[in-house]
Each structure stands twice: as C-alpha cells, then as structure tokens.
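Heads up, the thing below is written out as structure tokens.
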Amino acid sequence: MGVRKARAAETEAALKDAARRQFVERGYLNTKITDITAAAGRATGAFYDHFSSKEDLLKALLADMNRQGDDAMADDEHLGRPRQPDHPDHDLTDRAQLRAHLMIGWEVMRTNLPVMIALFEESLTHPPDSGHAWRQLTEETETFRSHLEYLRTRGHTLPGDPVLLGAAMGTMLSSLAYAILPTNAAGMGDDEIIDTLTDLMLYGLAGRAPRTDGATPSG
C-alpha cells in the first residue's frame, strides 16, 4: 500500500473510531460532523474525502459490523465444520447451531454497541409510514431468512414466512442487546440470556417444548 493510501486508510479509521466514541457520549442525533472530526484530530474537509454525510458514515460503520458478523458466521470451527463463505445450510433447528448464531450476533452487537445506538436513534428520524424500519430490519436479518428458507426447502414446516420469522428473531436479539448491553441492568450473564433466547426460538421452529414431567404432549 502506498503512503497516500495508507494515510487515507488511517484517516478513515480515525474518523470511524471517533464517531463510535461520540455516538456513545453524545448520541447519534446530537453528534455533529465537527464533533467527529475534532475527536479524530482531523480537519472537517478530511471527513468529506471519505463520507458524504453523517448518514453515509453510519452506513459504513454498519457495513463493517455486518462484515464482522458474516466472517464469524462463516467460520464454523465452533461446530466442527470447515469454513464456509456461503453458509445457507446451517440448521437452526439444531440447538447448538442456533445458539452459536445467537451468541455470535450478541457478541458482534456488544463490540459494535455505538453503531447499535446510532441505528436506533437514526430510525426515529424517519416517518412511521415511510417503511424504513421494515426495510432496515429485513436487510439486517438476511442471514436468519436464508437459513429458514433452507429449512423450508428441506421439507421442514415453519411457523410462518421466512422473511417475517427472520425479522422477528432478529428483533428479539437486537432489542435485548440494546436494552441490556449498555449497563446490564438486567443483571444476567450472556449464557443465561442466549440460552433463554435459544430455547424460545428453538421450540417455535422445531416443535413444542418437552413437558417437564416427562410426559409426551398431546396433539
């Protein structure tokens, strides 16, 4: 990499890091571009060499977050499988695989908490009838949707449309992350949270939960 490209990459990284800090300290809506450049130690003009607006910067941060999640999802070492860049064949009715997906998402959201905060705030700037929230939700839950569609092609009966199911699953995960991760006001550990989510989703996808008394449910 040439010196000019290296400096440009360094400036872009500095702006992203500064934005993350400012979003946590000030909130996304209250953060101005000049706040970001000042925190990054860069001139305001340098911002526009990389991003057209604060919204464009947030999209770049979201892309980084999604890339991190995709890389983690494609690495199946935790399931004893080789790395699969294209991985629609994960079986979410298998508890270990579903739990691994949820834990990866949880950890990615923890790492990118400033981006999560910014996305929630940014969504409030769009009118309720704009459809923005639904479009964003379906885009961000594409991984869940593709895995659910795979189950359906295998003849598995799903409790609903894969798009809607994926969106509902993603909403549960992201809403809990937004509510718990900043302060852990719930006082619960990651394992308890993810195990609870896993079983809640699993029995909705795979069938009824087993009776605690050992009896087989009727129907």
Side-chain angles (χ1 to χ4, degrees), residues 16-17 19-31 58 61-73 75 77-79 90-126 128 132-134 136-145 147-148 159-160 162-213:
K16 288 180 176 179
D17 288 343
R20 293 186 184 97
R21 295 195 303 273
Q22 293 299 302
F23 292 164
V24 171
E25 294 173 9
R26 298 172 179 267
Y28 173 76
L29 297 180
N30 290 330
T31 296
L58 179 56
L61 292 173
L62 178 59
D64 290 345
M65 175 178 167
N66 289 338
R67 193 176 303 111
Q68 179 184 343
D70 289 343
D71 288 346
M73 291 289 186
D75 188 352
E77 183 178 351
H78 56 279
L79 297 177
H90 289 183
D91 183 357
L92 296 187
T93 62
D94 176 85
R95 190 180 190 282
Q97 294 190 45
L98 176 58
R99 188 185 192 282
H101 279 68
L102 294 174
M103 183 60 83
I104 288 171
W106 187 259
E107 292 174 349
V108 168
M109 290 176 187
R110 184 201 304 281
T111 303
N112 295 274
L113 189 57
V115 182
M116 292 286 296
I117 293 172
L119 287 172
F120 271 90
E121 289 193 23
E122 191 273 341
S123 68
L124 300 177
T125 66
H126 298 269
H132 172 81
W134 175 249
Q136 178 174 291
L137 180 57
T138 53
E139 288 174 5
E140 294 308 308
T141 54
E142 171 70 17
T143 296
F144 279 134
R145 181 198 60 74
H147 293 339
L148 292 166
V163 176
L164 181 57
L165 285 174
M169 293 167 70
T171 297
M172 280 193 282
L173 182 63
S174 62
S175 294
L176 274 177
Y178 183 74
I180 294 176
L181 286 177
T183 62
N184 192 18
M188 300 174 184
D190 290 349
D191 286 337
E192 180 180 1
I193 293 166
I194 297 304
D195 281 333
T196 299
L197 271 178
T198 298
D199 289 334
L200 175 63
M201 294 183 187
L202 178 66
Y203 295 123
L205 291 174
R208 295 180 179 176
R211 289 272 294 274
T212 56
D213 59 7

| request: Compare every heavy atom of Ala19 with every heavy atom of Leu61, then report the nearest pair and how far apart it is. | output: CD1-CB, 4.3 Å

| query | Going from CD1 on Ile194 to NE2 on His101, what distance comes out if it is rounded to the nearest 0.5 angstrom? | reply | 13.0 Å

| request: Could you tell me the separation between the OG1 atom of Thr141 and the NE2 atom of His147, rounded to the nearest 0.5 Å? | output: 11.5 Å

| said: Run the side chain to side chain contact (heavy atoms under 4.5 Å, CB included) test on Leu102 and Leu173 for me, step by step, so that the C-alpha distance in whole Å, both residues' side-chain angles and the decisive distance to 0.1 Å come before the verdict. | reply: CA-CA 7 Å; Leu102 294 174; Leu173 182 63; 4.3 Å; yes

| Which heavy atom in Arg20 sits nearest to a heavy atom in Asp17, and how many Å separate them? | NH1-OD1, 2.9 Å

| query | Which atoms form the tightest heavy-atom contact between Gly69 and Val108, and what is the distance? | reply | CA-CG2, 3.9 Å

| request: With rounding to the nearest 0.5 Å, note down the distance linking CG in Leu119 to CG in Leu58. | output: 5.0 Å

| request: Please test Glu140 against Leu62 for side chain to side chain contact (heavy atoms under 4.5 Å, CB included), starting from the C-alpha separation and ending with a verdict. | output: CA-CA 10 Å; Glu140 294 308 308; Leu62 178 59; 3.5 Å; yes

| Contacts of Glu142 that satisfy side-chain contact (heavy atoms from CB on, under 4.5 Å) - sequence neighbours left out | Arg145

| query | Are Arg67 and Asp70 ion-paired here, with the side-chain N under 4.0 Å from a carboxylate O? | reply | no

| Between CG of Leu197 and CG of Leu202, what distance do you get to the nearest 0.5 Å? | 12.0 Å

| Shortest non-hydrogen separation from Leu113 to Pro182 and the atoms involved | CD2-CA, 3.8 Å

| field | Given Thr143, Leu205, Leu200, Leu164, the one that forms side-chain contact (heavy atoms from CB on, under 4.5 Å) with Met169 | value | Leu205

| message | Using the salt bridge (charged side-chain N to carboxylate O under 4.0 Å, His left out) criterion, which residues pair with Asp195? Sequence neighbours excluded. | response | Arg95, Arg99

| side-chain hydrogen bond (donor to acceptor under 3.5 Å, both in side chains) partners for Gln136, two or more places apart | His132

| request: Identify, with sequence neighbours excluded, every residue that meets side-chain contact (heavy atoms from CB on, under 4.5 Å) alongside Thr125. | output: Leu29, Glu122

| With sequence neighbours excluded, what pairs up with Ala186 under the side-chain contact (heavy atoms from CB on, under 4.5 Å) test? | Ile180, Asn184, Met188

| Pairs involving residues 171-183, ordered by first then second residue, that meet side chain to side chain donor-acceptor pair (under 3.5 Å) (sequence neighbours left out) | none

| said: Going by salt bridge (charged side-chain N to carboxylate O under 4.0 Å, His left out), name the pairs with one or both residues in residues 172-184, residues two or more places apart or in two chains. | reply: none

| Please walk me through it: do Leu124 and Tyr28 pass side chain to side chain contact (heavy atoms under 4.5 Å, CB included)? | CA-CA 11 Å; Leu124 300 177; Tyr28 173 76; over 6 Å; no

| request: Determine yes or no for a side-chain-to-main-chain donor-acceptor pair under 3.5 angstrom, with Gln97 supplying the side chain and His90 the backbone. | output: no

| Pair listing, side chain to side chain donor-acceptor pair (under 3.5 Å) test, anchored in residues 105-117, at least two apart | Gln68-Asn112, Trp106-Asp190, Arg110-Asp190

| request: Would you sort out whether Thr93 and Leu98 count as a side chain to side chain contact (heavy atoms under 4.5 Å, CB included), showing the intermediate values? | output: CA-CA 7 Å; Thr93 62; Leu98 176 58; over 6 Å; no

| Residues in side-chain contact (heavy atoms from CB on, under 4.5 Å) with Thr31, at least two apart? | Gln22, Phe23, Arg26, Asp35, Ile36

| said: Measuring from atom NZ of Lys16 to atom CG of Asp64, what distance do you get when rounded to the nearest 0.5 angstrom? | reply: 3.5 Å

